[in-house]
Amino acid sequence: MTTTKTDQGAGGTGAKTGGPADKAVVRALLRRQRRTYAAQAGIRLRDTPAPLYRTLVLAVLLSARIRADTAVAAARALFDAGMRDARSMARASWQQRVDALGEGGYRRYDERTATILGDGAELVLERYGGDLRRLREEPDPRKALLELPGIGPTGADIFLRAVQGVWTEFAPYFDGKALDGARRLGLPDAPRELSRLVGTEEETLLADGLIHAALDQRLAADVLTEAQAS
């Protein structure tokens, strides 16, 4: 099993040190990003098969060029329709998957994604018995993730970012997009420096907030305005 991924996505110099101004920015950001994307999708993340699989599904959905809130809504619709683990996803018909994705507003990619989710569930069952903890034991879990349907480099980053609280050898996991958000907010652009601005339990929340800042220039501007006023 890989022992550490603490430098994953580190693209900056790490020269900055988090001070009061940085902490004010982080507090303002977290007031807007109160829950992780996984929590918004109804996932109570634990190191057990069903929550890990649901996080994988969410990573597939978030990887597409679609709004994050739409991907989250589609994940919730799939789970509400009973597709909550690899076996139930594989047993569902293609049409059931399409219908659930459509209910969540994921219509642009629903047919292709329904196929990907079915193929992915079959592979997770075949290779890992439906238990992604076995993937964690691979010599290179990130490489193993990339072999799953619908998971490219972005999807692998999304999954590992989400599970860093339970797969702690990957923490702190701030990928390239999160570091883009950090730079936009004037924060340190190295994972270890960012992790020092929050408690361990908030690393995933901060990473998701930084993704939001990278994607939403107005939110980033609002965060900076609030931090400067505090």
Side-chain angles (χ1 to χ4, degrees), residues 6 8-45 55 58-77 104-109 153-165 170-230:
T6 53
Q8 176 63 38
T13 64
K16 299 179 182 178
T17 301
D22 289 342
K23 291 180 179 179
V25 170
V26 168
R27 286 195 300 271
L29 178 63
L30 296 188
R31 277 192 283 272
R32 288 162 173 79
Q33 188 80 29
R34 294 182 179 274
R35 295 190 297 164
T36 65
Y37 290 126
Q40 291 173 42
I43 301 168
R44 294 185 178 184
L45 199 57
T55 304
L58 180 62
V60 170
L61 299 177
L62 283 168
S63 296
R65 293 182 179 275
I66 200 163
R67 289 175 58 90
D69 56 356
T70 301
V72 166
R76 293 190 71 102
Y106 207 85
R107 294 183 181 87
R108 183 177 176 186
Y109 303 100
T154 297
D157 283 340
I158 292 168
F159 180 83
L160 293 172
R161 190 173 72 231
V163 303
Q164 64 180 302
F170 290 97
Y173 199 97
F174 294 88
D175 60 335
K177 182 61 72 173
L179 296 180
D180 286 345
R183 284 187 283 270
R184 171 168 277 182
L185 294 173
L187 293 171
D189 59 357
R192 286 196 178 278
E193 293 298 326
L194 288 168
S195 72
R196 293 189 181 105
L197 297 173
V198 292
T200 302
E201 70 283 355
E202 289 186 316
E203 285 175 347
T204 302
L205 185 62
L206 176 57
D208 283 359
L210 293 173
I211 296 289
H212 198 172
L215 297 173
D216 188 337
Q217 187 172 358
R218 176 172 292 182
L219 175 134
D222 289 345
V223 166
L224 290 172
T225 297
E226 180 180 331
Q228 291 165 2
S230 64

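- Taking CZ from Arg31 and CG from Asp222, the interatomic distance works out to 12.5 Å, rounded to the nearest 0.5 Å.
- At a threshold of 4.5 Å between non-hydrogen side-chain atoms, the residues Ile66 and Tyr106 count as touching.
- In terms of heavy atoms, Leu205 sits closest to Gln33 at CD1-O, 2.9 Å.
- Atoms NZ and CG, on Lys23 and Leu30 in that order, are 13.0 Å from each other to the nearest 0.5 Å.
- Looking at every heavy atom in both residues, Ala73 comes nearest to Gly104 through CB-O, 3.5 Å.
- Residues Ala75 and Leu58 share a closest heavy-atom pair of CB-CD1, 3.9 Å.
- Separating the CD1 atom in Ile211 from the OH atom in Tyr37 is a distance of 7.0 Å, to the nearest 0.5 Å.
- Looking only at distances, no side-chain donor or acceptor of Arg76 sits under 3.5 Å from a matching main-chain atom of Val72.
- The distance from atom CD of Glu226 to atom CG of Leu29, rounded to the nearest 0.5 Å, is 10.0 Å.
- Within 6.0 Å of atom CZ in Arg67, 12 or fewer heavy atoms from other residues, nucleotides or ligands are found, so the atom counts as exposed in its surroundings.
- In the displayed structure, Glu201 atom CD is contacted under 6.0 Å by more than 12 heavy atoms of other residues, nucleotides or ligands.
- Atom CG of Leu219 and atom NE2 of His212 lie 4.5 Å apart (nearest 0.5 Å).
- With a 4.5 Å cut-off on side-chain heavy atoms, Leu179 and Leu210 do not count as touching.
- Between Leu197 atom CG and Glu203 atom CD the span is 10.5 Å, to the nearest 0.5 Å.
- Tested against Arg161 for a side-chain hydrogen bond (donor to acceptor under 3.5 Å, both in side chains), the candidates Thr204, Thr55, Asp208 yield a single pass: Asp208.
- Counting heavy atoms from C-beta on, the side chains of Leu45 and Thr36 never come closer than 4.5 Å.
- When all heavy atoms are compared, the tightest approach of Leu194 to Pro188 is CD2-O, 3.2 Å.
- Pairing each heavy atom of Gly155 with each of Ser63, the nearest pair is CA-OG, 3.2 Å.
- The existence of a salt bridge linking Lys177 and Asp175 is excluded, since no basic side-chain nitrogen approaches an acidic carboxylate oxygen closer than 4.0 Å.
- Side chain of Gln40 to main chain of Arg35: a donor-acceptor pair is present (N/O by atom type, distance under 3.5 Å, no hydrogens or angles).
- When all heavy atoms of Ala178 and Ala207 are compared, the closest pair comes out as CB-O, 4.0 Å.
- In this structure, the side chains of Asp157 and Tyr173 come closer than 4.5 Å at one or more pairs of heavy atoms.
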